[in-house]
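One structure below.
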Amino acid sequence: MKRKIISITLIIAGLLVLLYPKISEMYNNREQKRIMMEWQESLAIIDNGHKEPDTSEEDGNKKEKEYIENNTDGVLKIDKINLEQPILRGATEKNMNISVASMDHTGKAGEFGNYVIAGHRNYTYGRNFNRLDEVEVGDTIEVDTGKEQYKYIVEEKLYVKPQETWVLNDNKKSREITLITCHPMVNATHRLIIKGKIKDN
């Protein structure tokens, strides 16, 4: 009887270990969609000049929307790899578990400087930048802030060591974007870097 209980317990534990990445991926995909929807609703409220009703029943919703408004830079789009995800502000563990995130102390979307966005490639974290390696020089990266849309043209694709932080630098003379993820996807030893610029006409 004791052996049977141990066997059943081990089988259940094994199933949970096998299912965890898929469950986590489903949760994070749902979170991304929720953030995208709330971000778009928040922008619609701002654009239409509406104010949120001030009732105690809606306090929880107001706090969620405030978080989205205060912590989302916009939406990152790369058509080539069918990527469209909210950009959360601050590359914290919490934010990067949900989506891609802009790094503190770097530039801002569309402005002169280097706007840096980091994301995971690991299946556990929702496959945010899993296909980033398919992006090539000449491809387009878009950032929609809700007020403006910026198009960056990819100029460089690099593989660097984790200590090579020069990729975060900017010359303050061009409007750049840098996307960062680990490489290879399993047992990462390097970083995959995609760098683009807004072309001034």
Side-chain angles (χ1 to χ4, degrees), residues 16-40 64 67-68 70-109 113-137 139-145 150 152 154-170 176-196:
L16 289 174
V17 168
L18 288 172
L19 291 174
Y20 175 78
K22 189 64 181 172
I23 291 168
S24 181
E25 179 184 326
M26 288 168 56
Y27 170 79
N28 289 320
N29 285 341
R30 192 184 78 219
E31 284 294 290
Q32 287 175 4
K33 286 177 184 172
R34 181 184 64 79
I35 287 171
M36 288 282 288
M37 188 172 67
E38 289 178 359
W39 183 72
Q40 288 167 350
E64 273 188 18
Y67 176 83
I68 300 303
N70 294 328
N71 294 287
T72 304
D73 281 346
V75 177
L76 177 69
K77 298 178 185 178
I78 306 175
D79 287 341
K80 180 172 184 179
I81 59 173
N82 298 317
L83 182 139
E84 183 174 354
Q85 294 191 347
I87 307 164
L88 298 178
R89 192 173 303 116
T92 63
E93 184 178 345
K94 175 185 175 182
N95 284 346
M96 290 183 63
N97 282 350
I98 297 169
S99 191
V100 298
S102 61
M103 293 186 69
D104 293 335
H105 313 297
T106 66
K108 297 195 180 297
N114 188 11
Y115 181 47
V116 181
I117 300 173
H120 289 296
R121 292 178 82 192
N122 183 317
Y123 287 104
T124 305
Y125 293 101
R127 299 181 292 177
N128 299 329
F129 272 166
N130 278 12
R131 296 181 61 197
L132 193 63
D133 202 19
E134 297 173 37
V135 174
E136 300 291 344
V137 172
D139 290 338
T140 302
I141 298 167
E142 295 179 56
V143 175
D144 183 347
T145 66
Y150 301 103
Y152 299 84
V154 175
E155 292 193 340
E156 288 183 279
K157 180 177 181 178
L158 309 162
Y159 300 91
V160 301
K161 293 179 181 175
Q163 60 268 28
E164 293 187 67
T165 57
W166 61 267
V167 297
L168 306 178
N169 297 342
D170 68 74
E176 301 175 275
I177 192 167
T178 300
L179 308 182
I180 299 178
T181 193
C182 54
H183 183 80
M185 195 156 47
V186 179
N187 298 324
T189 57
H190 287 69
R191 299 287 179 264
L192 166 60
I193 310 295
I194 302 292
K195 293 182 90 54

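Ser99 places a side-chain N or O within donor-acceptor distance of the main-chain N or O of Pro86, the cut-off being under 3.5 Å. No donor-acceptor pair under 3.5 Å is formed between the side chain of Asn71 and the backbone N or O of Gly90. The closest donor-acceptor contact from the side chain of Asn114 to the backbone of Asn169 lies under 3.5 Å. For the pair Asp144 (side chain) and Val75 (backbone), a donor-acceptor distance under 3.5 Å is absent.
Pairing each heavy atom of Leu83 with each of Leu76, the nearest pair is CD2-O, 3.5 Å. Considering every non-hydrogen atom in both Thr140 and Ile78, the closest pair reads O-CG2, 3.9 Å. Closest non-hydrogen pair, Met96 versus Asn128, comes out as O-ND2, 3.7 Å. In plain terms, the two heavy atoms of Tyr115 and Ser102 that are nearest each other are CE1-CB, 3.8 Å. When every heavy atom of Lys80 is checked against every heavy atom of Asp139, the shortest pair comes out as CD-OD2, 2.9 Å. Nearest heavy atoms, Gly119 versus Val100: CA-CG1, 4.2 Å.
Rounded to the nearest 0.5 Å, atoms OH (Tyr152) and CG (Leu179) are 10.0 Å apart. Here Ile194 contributes atom CD1 and Ile141 contributes atom CD1; the two are 7.0 Å apart, rounded to the nearest 0.5 Å. Rounding to the nearest 0.5 angstrom, the gap separating the CD1 atom in Ile177 from the CD atom in Glu155 is 12.5 Å.
Counting heavy atoms from C-beta on, the side chains of Asp79 and Glu142 come closer than 4.5 Å. Residues Ile81 and Phe129 have side chains not in contact (no heavy-atom distance under 4.5 Å, counting atoms from C-beta outward).
Residue pairs that meet the side-chain hydrogen bond (donor to acceptor under 3.5 Å, both in side chains) test with at least one member in residues 179-193, sequence neighbours left out, are Arg121-His183.
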Begin with the C-alpha distance, continue with both residues' side-chain angles, and end with the deciding distance and a verdict on side chain to side chain contact (heavy atoms under 4.5 Å, CB included) for Thr145 and Lys108.
CA-CA 10 Å; Thr145 66; Lys108 297 195 180 297; over 6 Å; no
Set out, in order, the CA-CA distance, both residues' side-chain angles and the distance that settles side chain to side chain contact (heavy atoms under 4.5 Å, CB included) for Leu168 and Ile180, then state yes or no.
CA-CA 10 Å; Leu168 306 178; Ile180 299 178; 3.5 Å; yes
List the steps and the verdict of side chain to side chain contact (heavy atoms under 4.5 Å, CB included) for Leu192 and Tyr159.
CA-CA 5 Å; Leu192 166 60; Tyr159 300 91; 3.6 Å; yes
Stepwise side chain to side chain contact (heavy atoms under 4.5 Å, CB included) check, Asn82 with Arg131:
CA-CA 9 Å; Asn82 298 317; Arg131 296 181 61 197; 3.6 Å; yes
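Annotation: salt bridge (Lys or Arg N to Asp or Glu O under 4.0 Å) contacts of Lys157 (sequence neighbours excluded): Asp133, Glu136. By the salt bridge (Lys or Arg N to Asp or Glu O under 4.0 Å) test, Asp170 pairs with Lys172, sequence neighbours left out.
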